[in-house]
Chemist: 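Have a look at this one before I ask anything.
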Amino acid sequence: MQYNDTMTDATDRKWFHEARFGMFLHWGLYALSGRGEWDMYQSRTPLREYDGLAAQFNPEKFDAREWARIAAGAGMRYMVFTARHHDGFCLYDSQVSDFTSVKCSPQRRDYVAEYVTACREQGLKVGLYYSLMDWRFPGYFNYTSDPESAAAMRRQCHEQVRELLTHYGKIDLLWYDGLWLNHDAETDRSGYCATFWRAQELEAMARALQPGLLINNRSGVPADFSTPEGRVLPPEEKDRAWEACMTMGAAWGYVADPDPMLLTVPQLVKNLFDCAKDAGNYLLNGAVKPDGSIAGDAQRALRAIGAWLKVNGKAIYDSERLPLPRTDLIAGWTQAGGRCYGLLFALPACGELVLPLMAAKPKSVRLLGSGTKLKISHASNGRVVVSGFPKRVPVKPFPVLELEFGGEPRIIDESTNRAAWLDGTLPAPA
Ligand code: GLC
(Lines give C-alpha, C1' and ligand atoms only; values in the text may rest on other atoms or scores of the structure.)
Protein backbone atom coordinates (compact mmCIF):
# COMPACT_ATOMS: atom_id res chain seq x y z
CA MET A 1 0.00 0.00 0.00
CA GLN A 2 1.27 3.39 -1.01
CA TYR A 3 0.91 5.20 2.28
CA ASN A 4 1.88 2.37 4.59
CA ASP A 5 4.63 4.31 6.26
CA THR A 6 2.17 6.97 7.30
CA MET A 7 0.11 4.40 9.18
CA THR A 8 0.13 4.45 12.92
CA ASP A 9 2.27 1.58 14.10
CA ALA A 10 0.94 -1.76 15.25
CA THR A 11 1.19 -1.07 18.98
CA ASP A 12 -0.94 2.04 18.67
CA ARG A 13 -3.48 0.20 16.55
CA LYS A 14 -3.82 -2.64 19.06
CA TRP A 15 -6.58 -1.03 21.11
CA PHE A 16 -8.72 -0.66 18.00
CA HIS A 17 -8.43 -4.35 17.22
CA GLU A 18 -9.25 -5.30 20.79
CA ALA A 19 -12.16 -2.88 21.08
CA ARG A 20 -14.45 -4.23 18.35
CA PHE A 21 -17.36 -2.04 19.40
CA GLY A 22 -17.73 1.74 19.41
CA MET A 23 -20.43 4.40 19.70
CA PHE A 24 -20.98 6.91 16.91
CA LEU A 25 -22.94 10.00 17.92
CA HIS A 26 -24.47 12.36 15.38
CA TRP A 27 -25.64 15.58 16.92
CA GLY A 28 -25.88 19.16 15.82
CA LEU A 29 -28.38 21.86 14.81
CA TYR A 30 -30.04 19.34 12.49
CA ALA A 31 -31.40 17.54 15.56
CA LEU A 32 -33.85 20.43 15.94
CA SER A 33 -35.70 19.74 12.70
CA GLY A 34 -35.81 15.95 13.09
CA ARG A 35 -35.13 15.61 9.39
CA GLY A 36 -31.68 14.12 9.59
CA GLU A 37 -28.17 15.57 9.34
CA TRP A 38 -28.49 16.38 5.64
CA ASP A 39 -31.48 18.65 6.29
CA MET A 40 -29.83 21.97 5.57
CA TYR A 41 -28.96 20.84 2.05
CA GLN A 42 -31.98 18.64 1.38
CA SER A 43 -34.36 21.45 2.39
CA ARG A 44 -32.11 24.04 0.67
CA THR A 45 -32.28 26.24 3.77
CA PRO A 46 -30.66 29.61 3.10
CA LEU A 47 -27.71 30.46 5.35
CA ARG A 48 -29.47 33.25 7.19
CA GLU A 49 -32.35 30.98 8.10
CA TYR A 50 -30.11 28.09 9.09
CA ASP A 51 -27.95 30.35 11.24
CA GLY A 52 -31.07 31.21 13.24
CA LEU A 53 -31.19 27.64 14.50
CA ALA A 54 -28.06 28.20 16.58
CA ALA A 55 -29.99 30.50 18.95
CA GLN A 56 -32.54 27.71 19.49
CA PHE A 57 -29.88 25.13 20.26
CA ASN A 58 -30.35 24.86 24.00
CA PRO A 59 -29.95 21.22 24.98
CA GLU A 60 -31.24 21.08 28.52
CA LYS A 61 -30.44 17.43 29.03
CA PHE A 62 -26.96 17.44 27.54
CA ASP A 63 -24.66 15.38 29.75
CA ALA A 64 -21.56 13.97 28.11
CA ARG A 65 -20.96 11.80 31.16
CA GLU A 66 -24.31 10.14 30.58
CA TRP A 67 -23.37 9.45 26.93
CA ALA A 68 -20.11 7.87 28.05
CA ARG A 69 -21.87 5.79 30.73
CA ILE A 70 -24.36 4.55 28.14
CA ALA A 71 -21.54 3.61 25.76
CA ALA A 72 -19.50 1.86 28.45
CA GLY A 73 -22.63 0.08 29.71
CA ALA A 74 -23.23 -1.24 26.19
CA GLY A 75 -19.74 -2.78 26.21
CA MET A 76 -18.37 -0.20 23.80
CA ARG A 77 -14.71 0.69 24.09
CA TYR A 78 -14.60 3.96 22.17
CA MET A 79 -16.74 6.78 20.90
CA VAL A 80 -16.79 9.01 17.83
CA PHE A 81 -18.60 12.34 18.07
CA THR A 82 -19.48 14.78 15.29
CA ALA A 83 -17.34 17.79 16.20
CA ARG A 84 -18.50 19.44 12.99
CA HIS A 85 -20.77 18.03 10.30
CA HIS A 86 -21.47 19.14 6.72
CA ASP A 87 -23.59 22.11 7.91
CA GLY A 88 -20.49 23.79 9.31
CA PHE A 89 -21.79 24.23 12.86
CA CYS A 90 -18.90 23.62 15.25
CA LEU A 91 -19.75 21.97 18.54
CA TYR A 92 -16.51 23.33 19.90
CA ASP A 93 -14.68 26.59 20.29
CA SER A 94 -13.26 27.09 16.81
CA GLN A 95 -11.32 30.31 16.28
CA VAL A 96 -11.65 30.16 12.52
CA SER A 97 -15.45 30.08 12.34
CA ASP A 98 -18.16 32.32 13.72
CA PHE A 99 -20.66 29.52 13.57
CA THR A 100 -19.95 27.63 16.77
CA SER A 101 -21.86 26.49 19.84
CA VAL A 102 -19.61 28.69 21.96
CA LYS A 103 -20.29 31.86 19.97
CA CYS A 104 -23.88 31.39 18.80
CA SER A 105 -25.86 29.19 21.20
CA PRO A 106 -27.44 30.18 24.51
CA GLN A 107 -25.36 27.83 26.66
CA ARG A 108 -22.07 28.90 25.04
CA ARG A 109 -20.62 25.46 25.64
CA ASP A 110 -17.73 23.59 24.11
CA TYR A 111 -19.38 20.20 23.72
CA VAL A 112 -16.25 18.57 22.37
CA ALA A 113 -14.33 19.50 25.53
CA GLU A 114 -17.02 17.97 27.77
CA TYR A 115 -17.25 14.88 25.58
CA VAL A 116 -13.50 14.27 25.62
CA THR A 117 -13.37 14.54 29.42
CA ALA A 118 -16.33 12.19 29.79
CA CYS A 119 -14.79 9.54 27.52
CA ARG A 120 -11.56 9.63 29.49
CA GLU A 121 -13.40 9.25 32.79
CA GLN A 122 -15.10 6.10 31.51
CA GLY A 123 -11.87 4.68 30.08
CA LEU A 124 -13.22 4.99 26.54
CA LYS A 125 -10.96 5.88 23.63
CA VAL A 126 -11.73 9.29 22.20
CA GLY A 127 -12.77 9.68 18.56
CA LEU A 128 -13.71 12.85 16.70
CA TYR A 129 -15.73 12.98 13.49
CA TYR A 130 -14.89 15.89 11.23
CA SER A 131 -16.42 16.73 7.86
CA LEU A 132 -13.81 18.15 5.51
CA MET A 133 -16.42 19.89 3.39
CA ASP A 134 -18.80 22.57 4.55
CA TRP A 135 -22.01 23.52 2.70
CA ARG A 136 -21.64 27.11 3.84
CA PHE A 137 -18.97 27.68 1.22
CA PRO A 138 -20.27 28.21 -2.34
CA GLY A 139 -16.90 26.85 -3.40
CA TYR A 140 -17.90 23.40 -2.18
CA PHE A 141 -20.48 23.27 -4.98
CA ASN A 142 -18.69 25.47 -7.49
CA TYR A 143 -15.21 24.22 -6.82
CA THR A 144 -13.99 25.00 -10.33
CA SER A 145 -15.81 28.28 -10.96
CA ASP A 146 -15.30 29.66 -7.44
CA PRO A 147 -11.78 28.55 -6.52
CA GLU A 148 -11.38 31.27 -3.92
CA SER A 149 -14.26 30.05 -1.82
CA ALA A 150 -13.09 26.46 -2.31
CA ALA A 151 -9.62 27.42 -1.07
CA ALA A 152 -11.12 29.20 1.95
CA MET A 153 -13.03 26.01 2.79
CA ARG A 154 -9.80 24.02 2.59
CA ARG A 155 -8.00 26.50 4.82
CA GLN A 156 -10.80 26.22 7.36
CA CYS A 157 -10.53 22.44 7.22
CA HIS A 158 -6.77 22.35 7.88
CA GLU A 159 -7.09 24.92 10.65
CA GLN A 160 -9.98 23.14 12.34
CA VAL A 161 -8.24 19.80 12.23
CA ARG A 162 -5.26 21.52 13.83
CA GLU A 163 -7.51 23.00 16.54
CA LEU A 164 -9.21 19.70 17.32
CA LEU A 165 -5.89 17.92 17.58
CA THR A 166 -4.25 20.65 19.64
CA HIS A 167 -6.71 21.81 22.29
CA TYR A 168 -8.24 18.64 23.72
CA GLY A 169 -5.35 16.54 24.95
CA LYS A 170 -4.88 13.07 23.56
CA ILE A 171 -7.23 12.14 20.73
CA ASP A 172 -7.20 8.46 19.79
CA LEU A 173 -9.09 8.46 16.53
CA LEU A 174 -9.86 10.95 13.78
CA TRP A 175 -12.90 10.11 11.69
CA TYR A 176 -12.97 12.17 8.51
CA ASP A 177 -15.99 12.39 6.26
CA GLY A 178 -17.33 14.46 3.36
CA LEU A 179 -14.29 14.47 1.15
CA TRP A 180 -16.15 14.64 -2.17
CA LEU A 181 -16.89 17.98 -3.77
CA ASN A 182 -20.34 19.00 -4.94
CA HIS A 183 -21.70 15.57 -3.88
CA ASP A 184 -19.90 14.08 -6.82
CA ALA A 185 -18.51 10.67 -5.94
CA GLU A 186 -16.37 10.86 -9.08
CA THR A 187 -14.25 13.60 -7.45
CA ASP A 188 -13.43 11.03 -4.79
CA ARG A 189 -12.86 8.03 -7.07
CA SER A 190 -10.64 9.95 -9.48
CA GLY A 191 -8.31 11.03 -6.69
CA TYR A 192 -9.18 14.67 -7.36
CA CYS A 193 -10.34 15.12 -3.76
CA ALA A 194 -7.06 13.96 -2.28
CA THR A 195 -5.28 16.59 -4.33
CA PHE A 196 -7.86 19.25 -3.58
CA TRP A 197 -7.78 18.75 0.18
CA ARG A 198 -3.99 18.31 0.23
CA ALA A 199 -4.68 15.10 2.02
CA GLN A 200 -1.06 14.12 2.56
CA GLU A 201 -0.26 17.46 4.13
CA LEU A 202 -3.29 17.09 6.40
CA GLU A 203 -2.20 13.58 7.29
CA ALA A 204 1.34 14.67 8.12
CA MET A 205 0.07 17.48 10.33
CA ALA A 206 -2.33 15.18 12.20
CA ARG A 207 0.39 12.59 12.80
CA ALA A 208 2.80 15.23 14.05
CA LEU A 209 0.24 16.70 16.44
CA GLN A 210 -1.03 13.38 17.78
CA PRO A 211 1.46 10.54 17.57
CA GLY A 212 -0.39 7.22 17.77
CA LEU A 213 -3.57 8.71 16.30
CA LEU A 214 -5.71 6.35 14.24
CA ILE A 215 -7.14 7.91 11.09
CA ASN A 216 -9.89 6.55 8.85
CA ASN A 217 -9.76 6.38 5.07
CA ARG A 218 -12.00 9.34 4.23
CA SER A 219 -9.55 12.15 3.61
CA GLY A 220 -8.18 10.86 0.33
CA VAL A 221 -5.41 8.64 1.69
CA PRO A 222 -6.03 5.07 2.89
CA ALA A 223 -4.53 5.79 6.35
CA ASP A 224 -5.23 3.25 9.09
CA PHE A 225 -8.62 1.67 8.52
CA SER A 226 -11.49 1.26 6.07
CA THR A 227 -15.05 2.38 6.77
CA PRO A 228 -17.76 0.40 4.98
CA GLU A 229 -20.99 2.30 5.57
CA GLY A 230 -24.40 0.83 6.35
CA ARG A 231 -23.27 -2.76 5.94
CA VAL A 232 -20.76 -5.31 7.14
CA LEU A 233 -18.28 -5.47 4.31
CA PRO A 234 -14.70 -6.50 5.07
CA PRO A 235 -12.07 -4.98 2.76
CA GLU A 236 -10.41 -7.16 0.18
CA GLU A 237 -6.95 -6.78 1.73
CA LYS A 238 -7.02 -9.35 4.47
CA ASP A 239 -4.88 -7.63 7.07
CA ARG A 240 -6.41 -4.21 6.69
CA ALA A 241 -8.17 -2.88 9.81
CA TRP A 242 -11.81 -1.98 9.22
CA GLU A 243 -14.90 -0.72 10.92
CA ALA A 244 -18.49 -0.91 9.69
CA CYS A 245 -20.41 2.24 10.60
CA MET A 246 -24.13 1.70 10.85
CA THR A 247 -27.16 3.41 12.29
CA MET A 248 -29.38 1.97 15.00
CA GLY A 249 -32.46 3.39 13.36
CA ALA A 250 -33.76 5.54 10.53
CA ALA A 251 -30.86 7.95 10.06
CA TRP A 252 -27.56 9.21 11.44
CA GLY A 253 -29.18 12.35 12.79
CA TYR A 254 -32.22 12.42 15.06
CA VAL A 255 -35.54 11.70 13.36
CA ALA A 256 -38.10 10.47 15.89
CA ASP A 257 -38.45 9.11 19.39
CA PRO A 258 -39.30 6.31 19.47
CA ASP A 259 -37.48 5.58 16.23
CA PRO A 260 -39.78 3.39 14.12
CA MET A 261 -36.76 1.90 12.35
CA LEU A 262 -34.80 0.98 15.47
CA LEU A 263 -33.07 -2.35 14.90
CA THR A 264 -33.86 -5.17 17.28
CA VAL A 265 -31.31 -6.41 19.81
CA PRO A 266 -30.79 -9.67 17.82
CA GLN A 267 -30.07 -7.63 14.68
CA LEU A 268 -27.62 -5.41 16.54
CA VAL A 269 -25.78 -8.28 18.24
CA LYS A 270 -25.67 -10.20 14.96
CA ASN A 271 -24.11 -7.17 13.23
CA LEU A 272 -21.52 -6.90 15.99
CA PHE A 273 -20.68 -10.58 15.71
CA ASP A 274 -20.53 -10.40 11.90
CA CYS A 275 -17.94 -7.64 12.18
CA ALA A 276 -15.92 -9.53 14.80
CA LYS A 277 -15.91 -12.77 12.81
CA ASP A 278 -14.13 -10.94 10.01
CA ALA A 279 -11.78 -9.16 12.41
CA GLY A 280 -13.57 -5.83 12.08
CA ASN A 281 -15.21 -3.28 14.37
CA TYR A 282 -18.83 -2.18 14.65
CA LEU A 283 -19.34 1.56 15.02
CA LEU A 284 -22.96 1.86 16.00
CA ASN A 285 -24.63 5.22 15.64
CA GLY A 286 -27.03 6.59 18.19
CA ALA A 287 -28.91 9.71 17.15
CA VAL A 288 -28.95 12.41 19.80
CA LYS A 289 -32.14 14.36 20.42
CA PRO A 290 -32.33 18.19 20.39
CA ASP A 291 -32.27 18.19 24.20
CA GLY A 292 -28.92 16.36 24.15
CA SER A 293 -30.19 12.97 25.31
CA ILE A 294 -30.17 9.58 23.63
CA ALA A 295 -33.69 8.19 23.11
CA GLY A 296 -34.95 5.76 25.73
CA ASP A 297 -35.60 2.80 23.46
CA ALA A 298 -32.12 3.11 21.94
CA GLN A 299 -30.73 3.13 25.49
CA ARG A 300 -32.67 -0.02 26.33
CA ALA A 301 -31.26 -1.78 23.28
CA LEU A 302 -27.74 -0.68 24.21
CA ARG A 303 -28.16 -1.99 27.75
CA ALA A 304 -29.28 -5.35 26.38
CA ILE A 305 -26.18 -5.54 24.17
CA GLY A 306 -24.07 -4.67 27.22
CA ALA A 307 -25.65 -7.47 29.24
CA TRP A 308 -25.01 -9.91 26.39
CA LEU A 309 -21.38 -8.79 26.05
CA LYS A 310 -20.73 -9.12 29.77
CA VAL A 311 -21.28 -12.85 29.40
CA ASN A 312 -20.22 -13.40 25.80
CA GLY A 313 -17.55 -10.72 25.29
CA LYS A 314 -14.79 -13.35 25.05
CA ALA A 315 -16.15 -14.20 21.62
CA ILE A 316 -15.91 -10.59 20.48
CA TYR A 317 -13.12 -8.50 22.05
CA ASP A 318 -9.67 -9.02 20.62
CA SER A 319 -10.95 -11.93 18.55
CA GLU A 320 -9.59 -13.25 15.28
CA ARG A 321 -11.12 -14.96 12.27
CA LEU A 322 -11.76 -18.69 12.54
CA PRO A 323 -12.55 -20.20 9.17
CA LEU A 324 -14.92 -22.97 10.24
CA PRO A 325 -18.14 -23.58 8.33
CA ARG A 326 -21.47 -22.10 9.29
CA THR A 327 -24.67 -24.06 9.48
CA ASP A 328 -28.27 -22.95 9.74
CA LEU A 329 -27.88 -23.01 13.52
CA ILE A 330 -24.29 -21.75 13.85
CA ALA A 331 -24.03 -18.13 12.70
CA GLY A 332 -20.24 -18.17 12.58
CA TRP A 333 -16.99 -18.45 14.50
CA THR A 334 -14.30 -16.38 16.11
CA GLN A 335 -11.22 -17.33 18.12
CA ALA A 336 -9.48 -15.61 20.99
CA GLY A 337 -6.96 -16.68 23.61
CA GLY A 338 -6.60 -20.16 22.13
CA ARG A 339 -10.34 -20.87 22.32
CA CYS A 340 -12.97 -21.12 19.62
CA TYR A 341 -16.33 -19.39 19.84
CA GLY A 342 -19.43 -20.28 17.88
CA LEU A 343 -22.48 -18.05 17.91
CA LEU A 344 -25.67 -20.11 17.87
CA PHE A 345 -29.00 -18.66 16.80
CA ALA A 346 -30.69 -20.90 19.37
CA LEU A 347 -30.12 -23.97 21.46
CA PRO A 348 -30.65 -27.07 19.30
CA ALA A 349 -34.28 -28.21 19.51
CA CYS A 350 -33.21 -31.88 19.48
CA GLY A 351 -30.71 -31.33 22.32
CA GLU A 352 -27.65 -32.12 20.19
CA LEU A 353 -25.42 -29.83 18.24
CA VAL A 354 -23.30 -31.27 15.46
CA LEU A 355 -20.17 -29.31 14.62
CA PRO A 356 -18.12 -29.37 11.43
CA LEU A 357 -15.91 -32.36 10.72
CA MET A 358 -12.94 -31.48 12.86
CA ALA A 359 -9.43 -32.77 12.25
CA ALA A 360 -8.43 -31.75 15.77
CA LYS A 361 -9.55 -33.51 18.91
CA PRO A 362 -11.99 -31.50 21.04
CA LYS A 363 -10.75 -30.98 24.60
CA SER A 364 -13.46 -29.02 26.31
CA VAL A 365 -16.78 -27.34 25.70
CA ARG A 366 -18.93 -24.89 27.56
CA LEU A 367 -21.80 -22.55 27.00
CA LEU A 368 -20.77 -19.06 28.08
CA GLY A 369 -22.75 -17.89 31.07
CA SER A 370 -24.10 -21.32 31.92
CA GLY A 371 -23.21 -23.61 34.82
CA THR A 372 -24.58 -26.68 33.02
CA LYS A 373 -21.89 -29.19 32.10
CA LEU A 374 -22.11 -30.07 28.43
CA LYS A 375 -21.04 -33.38 26.91
CA ILE A 376 -18.83 -33.62 23.90
CA SER A 377 -18.17 -36.69 21.81
CA HIS A 378 -16.66 -37.82 18.58
CA ALA A 379 -18.94 -39.47 16.09
CA SER A 380 -18.17 -41.03 12.71
CA ASN A 381 -16.61 -38.83 10.04
CA GLY A 382 -14.98 -36.68 12.69
CA ARG A 383 -18.23 -35.00 13.61
CA VAL A 384 -18.14 -33.38 17.01
CA VAL A 385 -21.40 -33.78 18.89
CA VAL A 386 -22.28 -31.56 21.82
CA SER A 387 -25.20 -32.40 24.09
CA GLY A 388 -26.59 -31.74 27.56
CA PHE A 389 -27.71 -28.16 26.88
CA PRO A 390 -29.64 -26.24 29.52
CA LYS A 391 -33.29 -25.39 28.84
CA ARG A 392 -32.70 -21.68 28.41
CA VAL A 393 -30.27 -19.40 26.62
CA PRO A 394 -28.01 -17.88 29.35
CA VAL A 395 -28.36 -14.34 28.01
CA LYS A 396 -30.62 -13.36 25.17
CA PRO A 397 -30.50 -13.10 22.26
CA PHE A 398 -27.88 -15.72 21.34
CA PRO A 399 -25.96 -18.47 23.12
CA VAL A 400 -22.23 -18.77 22.52
CA LEU A 401 -20.32 -22.03 22.62
CA GLU A 402 -16.70 -22.05 23.75
CA LEU A 403 -14.53 -24.92 22.57
CA GLU A 404 -10.96 -25.98 23.01
CA PHE A 405 -9.20 -28.40 20.71
CA GLY A 406 -6.08 -30.49 21.23
CA GLY A 407 -4.42 -29.01 18.18
CA GLU A 408 -5.07 -26.36 15.59
CA PRO A 409 -8.86 -26.16 15.07
CA ARG A 410 -8.88 -27.37 11.47
CA ILE A 411 -11.63 -29.16 9.62
CA ILE A 412 -11.13 -32.48 7.85
CA ASP A 413 -10.16 -32.04 4.23
CA GLU A 414 -12.89 -33.56 2.07
CA SER A 415 -11.53 -32.29 -1.22
CA THR A 416 -10.32 -35.64 -2.56
CA ASN A 417 -13.67 -37.38 -2.13
CA ARG A 418 -16.63 -35.17 -1.39
CA ALA A 419 -18.90 -38.24 -1.01
CA ALA A 420 -16.82 -40.07 1.58
CA TRP A 421 -19.01 -38.94 4.47
CA LEU A 422 -22.00 -40.83 3.04
CA ASP A 423 -20.82 -44.19 4.40
CA GLY A 424 -19.31 -42.73 7.55
CA THR A 425 -15.75 -43.69 6.76
CA LEU A 426 -13.93 -40.40 6.77
CA PRO A 427 -10.78 -40.78 8.85
CA ALA A 428 -11.37 -40.18 12.50
CA PRO A 429 -9.53 -37.19 13.91
CA ALA A 430 -5.98 -37.82 15.09
C1 GLC B 1 -22.14 9.87 5.06
C2 GLC B 1 -23.08 11.05 5.28
C3 GLC B 1 -23.01 11.61 6.62
C4 GLC B 1 -22.76 10.65 7.75
C5 GLC B 1 -21.71 9.64 7.41
C6 GLC B 1 -21.51 8.58 8.46
O7 GLC B 1 -20.93 10.22 4.58
O8 GLC B 1 -22.86 12.08 4.36
O9 GLC B 1 -24.11 12.40 6.86
O10 GLC B 1 -22.30 11.38 8.82
O11 GLC B 1 -22.00 9.06 6.20
O12 GLC B 1 -20.67 7.57 8.01
Side-chain angles (χ1 to χ4, degrees), residues 16 21-45 50 76 78-92 111-112 115 127-137 140-141 153 157 160-161 164 173-189 193-194 196-197 199 214-235 241-255 259 261 263 271 275 280-289 294 298:
F16 187 72
F21 194 24
M23 167 91 103
F24 207 177
L25 286 178
H26 274 68
W27 191 49
L29 295 185
Y30 44 81
L32 293 166
S33 72
R35 295 190 296 239
E37 82 288 355
W38 271 65
D39 183 40
M40 175 185 169
Y41 173 73
Q42 284 171 351
S43 302
R44 304 292 197 277
T45 315
Y50 198 81
M76 290 157 161
Y78 63 108
M79 291 176 88
V80 178
F81 172 49
T82 50
R84 180 174 78 55
H85 209 272
H86 308 336
D87 65 355
F89 186 64
C90 302
L91 290 159
Y92 76 99
Y111 296 102
V112 167
Y115 155 82
L128 292 176
Y129 166 108
Y130 180 78
S131 165
L132 302 162
M133 61 86 150
D134 182 337
W135 290 320
R136 304 172 66 75
F137 291 81
Y140 162 68
F141 300 94
M153 175 174 71
C157 161
Q160 291 189 332
V161 169
L164 288 168
L173 188 151
L174 182 58
W175 216 99
Y176 288 121
D177 191 27
L179 102 126
W180 15 240
L181 295 158
N182 193 22
H183 311 324
D184 179 1
E186 195 42 46
T187 57
D188 180 357
R189 273 194 293 272
C193 282
F196 173 85
W197 290 110
L214 276 168
I215 305 179
N216 77 350
N217 63 340
R218 295 193 182 187
S219 75
V221 292
D224 297 309
F225 65 97
S226 299
T227 53
E229 184 169 318
R231 57 204 170 132
V232 178
L233 187 67
W242 65 280
E243 172 201 67
C245 53
M246 293 164 87
T247 61
M248 284 186 87
W252 299 102
Y254 169 68
V255 169
D259 187 329
M261 292 295 288
L263 297 186
N271 284 343
C275 291
N281 287 11
Y282 187 35
L283 184 67
L284 179 60
N285 183 71
V288 182
K289 293 172 33 167
I294 297 171

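Not measured: the values here are computed from a predicted model. Throughout, numbering of the chain's residues begins at 1 and tracks the sequence. Ligands are counted one by one from 1 in listed order, and the atoms in each one are counted from 1 as well.
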Chemist: Which of the atoms of ligand 1 are close to H85, meaning less than 4.0 Å from one of its heavy atoms?
Modeler: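 By the 4.0 Å cutoff, the relevant atoms are 3 (C), 4 (C), 9 (O), 10 (O).
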Chemist: Distance from E229 atom CD to C245 atom SG, nearest 0.5 Å?
Modeler: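 Output value for this atom pair is 4.5 Å.
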Chemist: May I ask you to list the atoms of ligand 1 that are less than 4.0 angstrom from any heavy atom of E37?
Modeler: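 Listed by number with element, the hits are 3 (C), 4 (C), 9 (O).
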Chemist: Using only heavy-atom distances, determine whether the side chains of Q42 and R35 contain a donor-acceptor pair under 3.5 Å.
Modeler: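 Checked: Q42/R35 side chains show no N/O donor-acceptor pair below 3.5 Å.
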Chemist: What part of W175 sits under 4.0 Å from ligand 1 if we count only heavy atoms: the side chain, the backbone, both or neither?
Modeler: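 The side chain, only.
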Chemist: Under 4.0 Å from a heavy atom of C245: which atoms of ligand 1 are those, numbered in the order shown and with their elements?
Modeler: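 Answer, ordered by atom number: 12 (O).
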Chemist: Looking only at the side chains, is there a donor atom on one of Y140 and H86 sitting less than 3.5 Å from an acceptor on the other?
Modeler: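 Their side chains do not contain a donor-acceptor pair, so the 3.5 Å distance test is not met.
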Chemist: Just going by heavy-atom distances, which of Y41, Y129, W38 is nearest to atom 2 (C) of ligand 1?
Modeler: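 Looking at heavy atoms only, the winner is W38.
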Chemist: Between the side chains of Y78 and N281, is a donor N or O closer than 3.5 angstrom to an acceptor N or O?
Modeler: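 Yes, side-chain donor-acceptor contact under 3.5 Å.
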Chemist: Considering heavy atoms of the protein only, find what lies nearest to atom 10 (O) of ligand 1 and give residue, atom and distance to 0.1 Å.
Modeler: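 Nearest neighbour among protein heavy atoms for atom 10 (O) of ligand 1, to 0.1 Å: H26 NE2, 2.5 Å.
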Chemist: So which bit of H183 gets within less than 4.0 Å of ligand 1, heavy atoms only: side chain, backbone, both or neither?
Modeler: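 It is neither part, as no heavy atom is under 4.0 Å.
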Chemist: Assess the side chains of N271 and Y282: does a donor N or O sit below 3.5 Å from an acceptor N or O?
Modeler: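 Yes, a side-chain donor-acceptor pair sits under 3.5 Å.
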Chemist: Answer yes if the ring centres of W135 and Y50 are under 6.0 angstrom apart, and no otherwise.
Modeler: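 No: the rings miss the under 6.0 Å criterion.
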Chemist: To the nearest 0.1 Å, how far is atom 5 (C) of ligand 1 from its closest protein heavy atom, and which atom is that?
Modeler: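 The closest heavy atom on the protein side is D177 OD2, 3.2 Å.
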Chemist: Pairing donors with acceptors under 3.5 angstrom, does anything connect the side chains of H26 and T82?
Modeler: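 Distance-only check fails for H26 and T82.
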Chemist: Among all the protein's non-hydrogen atoms, which is closest to atom 1 (C) of ligand 1, and how far away is it?
Modeler: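 Answer for atom 1 (C) of ligand 1: E229 OE2, 3.3 Å.
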